[in-house]
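To keep things clear, I will list the structure first and then write my remarks on it.
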Number of protein chains: 2
Amino acid sequence: MGSLTEENYIKSVYALSQATGEVYVSELAKKLDVKLPSVNSMMKRMATKKLVAYAPYKGIKLTEKGKKEALAIIRKHRLAELFLVKVMGLGWEEVHDIAEQLEHVNSSRFYERIDELLNNPKFDPHGEPIPDSNGKIHTKKRTSLIDLAEGLTATITAVTEDEKSFLDHLNAKGLQIGDVVIIKKRELFDGSITLQHKSKKEILLTHQVAERIWVEV
Amino acid sequence: MGSLTEENYIKSVYALSQATGEVYVSELAKKLDVKLPSVNSMMKRMATKKLVAYAPYKGIKLTEKGKKEALAIIRKHRLAELFLVKVMGLGWEEVHDIAEQLEHVNSSRFYERIDELLNNPKFDPHGEPIPDSNGKIHTKKRTSLIDLAEGLTATITAVTEDEKSFLDHLNAKGLQIGDVVIIKKRELFDGSITLQHKSKKEILLTHQVAERIWVEV
DNA sequence: ATAATATGTTAGATGCATCTAATATTTTAA
DNA sequence: TTAAAATATTAGATGCATCTAACATATTAT
């Protein structure tokens with residue numbers, strides 16, 4: 001097991017590499033709020049441990065071993081967030097910092113049990129997929145209604161909450177899985193969204209509701 | 001906030017001082033599985049931070065500040081253990097190592113919520129009192145039936161479980177709060193205990209049941 | 001009361017993770 | 001295409017937490 005610091009480096013390299021494939025020392029330094037030489041010296045150490053491939057003045061890439069570790073940490077982070085919300089009843093906005101700490105807990109039993117209690121969830125509440133215990137991601141990120149720009153057309157594929165009250169709410173609005181909608185207006189002020197429905201009706205959804213509706217464009 | 005290492009030193013000093021009041025470098029070194037000079041140099045550092053009072057060749061004592069930190073950690077440890085058992089359904093024997101990690105989580109919200117979910121518990125499942133959020137311990141350790149030697153007489157004062165099935169079990173055995181019992185025999189093999197009841201009947205309790213019954217001698 | 005034993009301290013080194021200051025390389029722009 | 005700007009590396013230092021080897025103080029036992 002690597003140190004806490006090492007785990008944070010791995011996680012950041014992974015996150016930054018998602019966009020570009022390669023990560024630069026300066027990006028990492030910024031993300032981790034340390035100076036360039038700290039990153040440089042850490043990369044040397046991590047390279048000898050075969051966690052990253054790293055050549056001077058070139059970009060940083062995770063090795064397979066590094067990627068596996070990154071995914072294990074991400075799995076723990078996302079399971080922890082979901083657990084804090086669903087089981088412990090904490091607010092979505094307050095769980096990130098706690099999950100940042102819980103992701104470093106070293107106990108397969110602990111996370112096995114969380115996974116069980118949550119019924120082997122596939123996505124966290126942001127639609128991000130949760131890697132399985134072998135570090136495999138089986139599905140792509142889901143897109144929520146709140147991720148779409150005005151004017152786009154999308155099909156509703158799923159919803160996060162399976163609580164009756166939430167489904168009742170959607171029914172009352174006349175929305176169902178499979179419906180095709182157009183994003184008419186996104187309100188910057190409160191994040192609410194107006195949809196154009198196939199039935200020609202306009203439907204207003206609050207941010208809170210819209211973020212729980214998954215779509216395909 | 002101190003480092004993880006520092007927190008572990010504080011906790012160990014507190015635990016060792018419970019018996020004797022003073023702690024010796026060699027005891028600490030043994031408990032933490034480090035060499036004497038490591039303890040010595042850590043004590044110097046912790047003394048400058050006013051966490052311990054420490055004079056060369058004399059014993060180590062926690063300051064008020066140190067005690068407060070120790071109790072905060074112990075509170076978190078005991079709440080975590082109880083949470084892992086009661087809420088997450090883990091076995092009592094497997095939670096200690098996880099709690100050793102969770103006790104270092106820095107989030108008052110997290111522990112506030114655990115405390116709520118457990119209904120502000122006063123004791124952990126071993127009868128150890130849980131300090132309150134100000135680091136005050138209001139009650140002494142409780143004694144369980146399994147802590148008593150053969151021949152002792154004791155009064156039953158409380159039980160851990162308030163599940164109906166457990167209380168039914170005690171009823172069926174003819175035991176109630178307030179009953180006076182004598183420890184007749186402790187079976188080393190399986191930890192079961194035979195009681196002499198006031199009704200003259202002999203009652204056999206398994207270890208599992210006996211450890212949940214609190215007594216006063 | 002002194003020698004032997006146990007316990008504790010100092011000195012000096014190591015690895016991790018960080019920093020500042022100085023230097024080198026790469027990219028970009030004049 | 002060379003100078004300026006941006007980015008990266010090396011050198012050398014610091015604090016934490018640990019170690020071994022050498023030395024110091026207490027305790028105990030003869």
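Just so it is clear, the values below take in all heavy atoms, side chains as well, and ignore hydrogens, waters and symmetry mates. By convention in this document, chain letters (A, B, ...) are assigned in the order of the sequence lines, proteins followed by strands, and residues within each chain are numbered from 1. Since we're looking at a predicted model, the values are computed, not measured.
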Specify the separation, in whole Å, of atom [atom1] of [X] and atom [atom2] of [N].
| X | N | atom1 | atom2 | value |
| --- | --- | --- | --- | --- |
| A:M43 | D:dT9 | CE | P | 10 Å |
| B:D33 | D:dT18 | CG | C1' | 12 Å |
| A:M42 | C:dT18 | CE | P | 7 Å |
| B:I10 | D:dA17 | CD1 | P | 11 Å |
| A:L4 | D:dA17 | CG | C1' | 15 Å |
| B:K58 | D:dA24 | NZ | C1' | 13 Å |
| A:E7 | C:dA17 | CD | C1' | 15 Å |
| A:E6 | C:dT18 | CD | P | 11 Å |

So, are [X] and [Y] salt-bridged, with charged N and O less than 4.0 Å apart?
| X | Y | result |
| --- | --- | --- |
| A:E64 | A:K67 | yes |
| B:K61 | B:E22 | no |
| A:E94 | B:R109 | yes |

*B:D124 and B:H77: side-chain hydrogen bond (donor to acceptor under 3.5 Å, both in side chains), yes or no, with the steps?*
CA-CA 10 Å; B:D124 78 7; B:H77 182 95; over 6 Å; no
*How about A:D190: does its CG atom have over 12 heavy atoms from other parts shown lying under 6.0 Å from it?*
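Count over threshold, so yes.
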*Counting side-chain heavy atoms from C-beta on, which of C:dT20, C:dG8, D:dA17 comes nearest to A:K35?*
C:dT20
*asked:* From the set C:dT9, D:dA8, D:dT18, return the single nucleotide nearest to any side-chain atom of B:V34.
replied: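 It is D:dT18.
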_A:T63 to A:A53 - nearest heavy-atom pair and separation_ =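 Heavy atoms only, the tightest pair is CG2-N, 3.9 Å.
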_Shortest non-hydrogen separation from B:S144 to B:W214 and the atoms involved_ = CB-CZ3, 3.4 Å
Using OP1 and OP2 only, check whether a side-chain N or O of [X] sits under 4.0 Å from [N].
| X | N | value |
| --- | --- | --- |
| A:S26 | D:dT7 | no |
| A:T5 | C:dC16 | no |
| A:Y9 | C:dT18 | yes |

Are there any protein N/O atoms within less than 3.5 Å of an N/O atom in nucleotides 10-15 of chain D, and if so, which ones and at what distance?
| unit_1 | atom_1 | unit_2 | atom_2 | d |
| --- | --- | --- | --- | --- |
| D:dT10 | OP2 | A:K44 | NZ | 2.8 |

